[in-house]
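I have placed the structure first, in the form of structure tokens, so that the comments after it can refer back to it.
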Amino acid sequence: MSERLTIAIQKSGRLSKESLSLLNACGVKFSINEARLIAHSTSHPIDLLRVRDDDIPGLVMDGVVDLGLVGENVLEEVALERSAVNENAEYKALRSLDFGGCRLSIAVPRESDYNSIDDLQGKRIASTYPYLLQRYLKNNGISAKNVVLTGSVEVAPRAGLADAICDLVSTGATLEANGLVEKEVIFRSQAQLIQNANPLSAEKQAMMDQLLPRIDGVQMAKESKYIMLHAPKNRLDEVNALLPGAETPTVLPLSHTDEQVAVHVVSTEKLFWETMEDLKDLGCSSILVLPIEKMMG
Ligand SMILES: Nc1ncnc2c1ncn2[C@@H]1O[C@H](COP(=O)(O)OP(=O)(O)OP(=O)(O)O)[C@@H](O)[C@H]1O
Ligand SMILES: O=P(O)(O)OC[C@H]1O[C@H](OP(=O)(O)OP(=O)(O)O)[C@H](O)[C@@H]1O
Ligand SMILES: [Mg+2]
């Protein structure tokens with residue numbers, strides 16, 4: 001029987017949907033039964049372990065699974081916690097992924113008189129990330145009391161449990177809704193693909209050698225666009241200069257005119273409306289911007 005590669009992903013939360021769609025886009029298909037902890041791929045010898053995100057780094061570090069998809073915030077927190085008690089905190093960081101972007105910030109009630117980090121001296125700060133918070137405070141010479149909460153951190157000041165909080169922020173809506181103001185960004189995070197630190201078996205490594213370029217291809221494709229347009233022949237250099245991150249364009253003749261050509265190009269950066277308007281001003285027409293599903297070098 002062939003060996004199965006095991007991947008831990010978040011069962012239900014901010015990272016779940018995008019972790020599954022990344023694997024799906026790589027051609028690794030799953031049919032998920034919400035009630036089950038383990039899901040077998042229907043296309044590859046790959047198993048998913050669906051767990052709470054807090055458990056993912058430890059499962060990878062201990063070799064219970066080969067790979068994990070987890071936020072850097074949780075990864076770093078667990079690594080600090082394990083190092084503090086001399087437990088194995090080793091892992092191999094394979095890729096930064098383009099989802100789960102957020103920051104860990106210290107926030108205080110709107111009405112508090114906060115001028116600098118020094119105002120936190122001796123205060124109580126509620127957080128789910130005591131190690132990341134303590135590291136930051138220590139680096140800034142602050143000694144504060146850590147109130148560890150596993151959820152609803154944002155209500156701690158109103159409940160009289162803390163003077164400030166240290167929690168994840170993305171749009172800032174949660175802080176706003178709870179009358180809190182972001183003061184210090186202590187860590188920036190996005191989802192990461194990590195692997196156990198020990199070498200994989202040859203069979204599993206062969207699967208990784210196929211999977212990683214596919215992950216890169218999916219990520220690259222998400223950022224890229226296929227642009228097609230009709231351009232005046234005599235302004236091609238100016239047109240090319242406007243196209244962001246474009247590789248050498250393909251220039252094709254048009255059957256109905258000698259003055260214009262069709263230009264097809266893969267652009268690796270975001271194309272803004274302003275650029276499209278500038279292209280139009282150069283005399284371009286029929287400007288189409290299409291998403292790309294997959295890419296390989
Ligand atoms: N608002 C956000 N925007 C983007 N990414 C976020 C946001 N909040 C959290 N994340 C990222 O997603 C991860 C999971 O967040 P989520 O809120 O689902 O975790 P959780 O409540 O701890 O879930 P679990 O039940 O798995 O422990 C976070 O550790 C962080 O990396
Ligand atoms: O700045 P915002 O865009 O408001 O996002 C921040 C919120 O998102 C996360 O919680 P989530 O919504 O995932 O729910 P949870 O608290 O149940 O984990 C995080 O814990 C914050 O509370
Ligand atoms: Mg969690």
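Whatever order the structure lists ligands and atoms in, that order sets their numbers, starting from 1.
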Note to self: Does the protein come close to atom 18 (O) of ligand 2 - that is, does one of its heavy atoms sit below 4.0 Å from that atom?
What the structure shows: no
Next item on the list: Indicate yes or no for a side-chain donor-acceptor contact from Gln205 to the backbone of Pro199 under 3.5 Å, with no hydrogens or angles considered.
Entry: no
Check: Which residue holds the protein heavy atom closest to atom 7 (C) of ligand 2, what is that atom called, and what is the gap in Å?
Finding: Thr174 OG1, 3.5 Å
Checklist line | Per-atom contacts of ligand 1 with Gly100, taking only distances under 4.0 Å to non-hydrogen atoms | finding: 5 (N)
Next item on the list: Verify the neighbour count for atom CG of Asn33: are there more than 12 heavy atoms of other residues, nucleotides or ligands below 6.0 Å?
Entry: yes
Notebook entry, point to check: What atoms of ligand 1 come within less than 4.0 Å of a heavy atom belonging to Val74?
Noted result: 29 (O)
Next item on the list: Check for a donor-acceptor pair, side chain of Arg82 on one end and backbone N or O of Ala89 on the other, with a separation under 3.5 Å.
Entry: no
Next item on the list: Would you indicate whether Gln121, at its atom CD, is surrounded by more than 12 heavy atoms from other residues, nucleotides or ligands within a distance under 6.0 Å?
Entry: yes
Notebook entry, point to check: Does ligand 2 have any atom that is closer than 4.0 Å to a heavy atom of Gly172?
Noted result: yes
Item checked: Atoms of ligand 2, numbered as shown, that sit under 4.0 Å from any heavy atom of Thr171 -> 1 (O), 2 (P), 3 (O), 4 (O)
Note to self: Using a 4.0 Å cut-off to any heavy atom of Ser170, which atoms of ligand 1 qualify?
What the structure shows: 1 (N), 2 (C), 3 (N)
Next item on the list: Check each atom of ligand 1 against the heavy atoms of Gln10 and keep those under 4.0 Å away; list them by number with element.
Entry: 14 (C), 16 (P), 18 (O), 19 (O), 20 (P), 23 (O), 24 (P), 26 (O)
Item checked: Closest approach of any protein heavy atom to atom 9 (C) of ligand 1, naming residue and atom -> Leu168 CD1, 3.5 Å
Next item on the list: For atom 22 (O) of ligand 2, decide whether some protein heavy-atom distance is shorter than 4.0 Å.
Entry: yes
Checklist line | Where ligand 1 meets Gly71 - atom numbers and elements under 4.0 angstrom, heavy-atom basis | finding: 31 (O)
Notebook entry, point to check: Side-chain contact, heavy-atom cut-off 4.5 Å: Leu180 with Asp167?
Noted result: no
Notebook entry, point to check: Under 4.0 angstrom from atom 21 (O) of ligand 1, is there any protein heavy atom?
Noted result: no
Check: Which atoms from ligand 1 have a heavy atom of Gly13 less than 4.0 Å away?
Finding: 18 (O)
Notebook entry, point to check: Only one of Asp281, Asp278, Leu282 clears side chain to side chain contact (heavy atoms under 4.5 Å, CB included) with Glu238; which?
Noted result: Leu282
Next item on the list: Could you tell me whether Lys29 atom NZ has more than 12 heavy atoms of other residues or ligands within 6.0 Å of it?
Entry: yes
Item checked: Contact summary for Thr128 and Gly151, nearest pair of heavy atoms -> OG1-N, 4.5 Å
Check: Are Glu72 and Arg188 ion-paired here, with the side-chain N under 4.0 Å from a carboxylate O?
Finding: no
Margin query: Out of all atoms in ligand 2, which are within 4.0 Å of some heavy atom of Val169? Include the element for each.
Written below: 1 (O)
Notebook entry, point to check: His264 vs Tyr226 aromatic rings, parallel, tilted or perpendicular, using cut-offs 30° and 60°?
Noted result: perpendicular
Check: Does atom 14 (O) of ligand 2 have a protein non-hydrogen atom under 4.0 Å from it?
Finding: no
Checklist line | Per-atom contacts, ligand 2 versus Leu168 - under 4.0 Å to a heavy atom | finding: 6 (C), 19 (C), 21 (C)
Note to self: How far is atom 8 (O) of ligand 2 from the closest protein heavy atom, and which atom is that?
What the structure shows: Arg14 NH2, 3.2 Å
Notebook entry, point to check: For Asp53, what is the atom name of its N, O or S atom nearest to the Mg ion (ligand 3)?
Noted result: OD1
Next item on the list: Name whichever N, O or S atom of Asp54 ends up nearest to the Mg ion (ligand 3).
Entry: OD1
Margin query: Less than 4.5 Å apart, side chain to side chain, heavy atoms only: is that true for Lys11 and Asp55?
Written below: no
Check: Backbone, side chain, both or neither: what part of Arg14 comes under 4.0 angstrom of ligand 1, heavy atoms only?
Finding: both
Checklist line | Heavy-atom nearest neighbour in the protein, as seen from atom 5 (O) of ligand 2, with distance rounded to 0.1 Å | finding: Ser170 N, 3.7 Å
Notebook entry, point to check: Nearest protein heavy-atom contact for atom 4 (C) of ligand 1: which residue, which atom, what distance?
Noted result: Gly101 O, 3.2 Å
Check: Side chain, backbone, both or neither: which part of Asn73 comes within less than 4.0 Å of ligand 1 when only heavy atoms are counted?
Finding: side chain
Next item on the list: Verify whether one side chain among Ser105 and Glu182 offers a donor that lies under 3.5 Å from an acceptor in the other.
Entry: yes
Notebook entry, point to check: Is any N or O atom of Arg52, backbone or side chain, closer than 3.5 Å to an N or O atom of ligand 1?
Noted result: yes
Checklist line | atom 6 (C) of ligand 1: nearest protein contact (heavy atom, Å) | finding: Cys102 SG, 3.7 Å
Notebook entry, point to check: Is there a side chain to side chain contact (heavy atoms under 4.5 Å, CB included) between Arg50 and Glu34 once you walk through the steps?
Noted result: CA-CA 9 Å; Arg50 301 167 60 243; Glu34 275 309 319; 3.1 Å; yes
Margin query: Can a donor-acceptor pair be found, under 3.5 Å and without considering hydrogens, that links the side chain of Glu90 to the backbone of Met61?
Written below: no
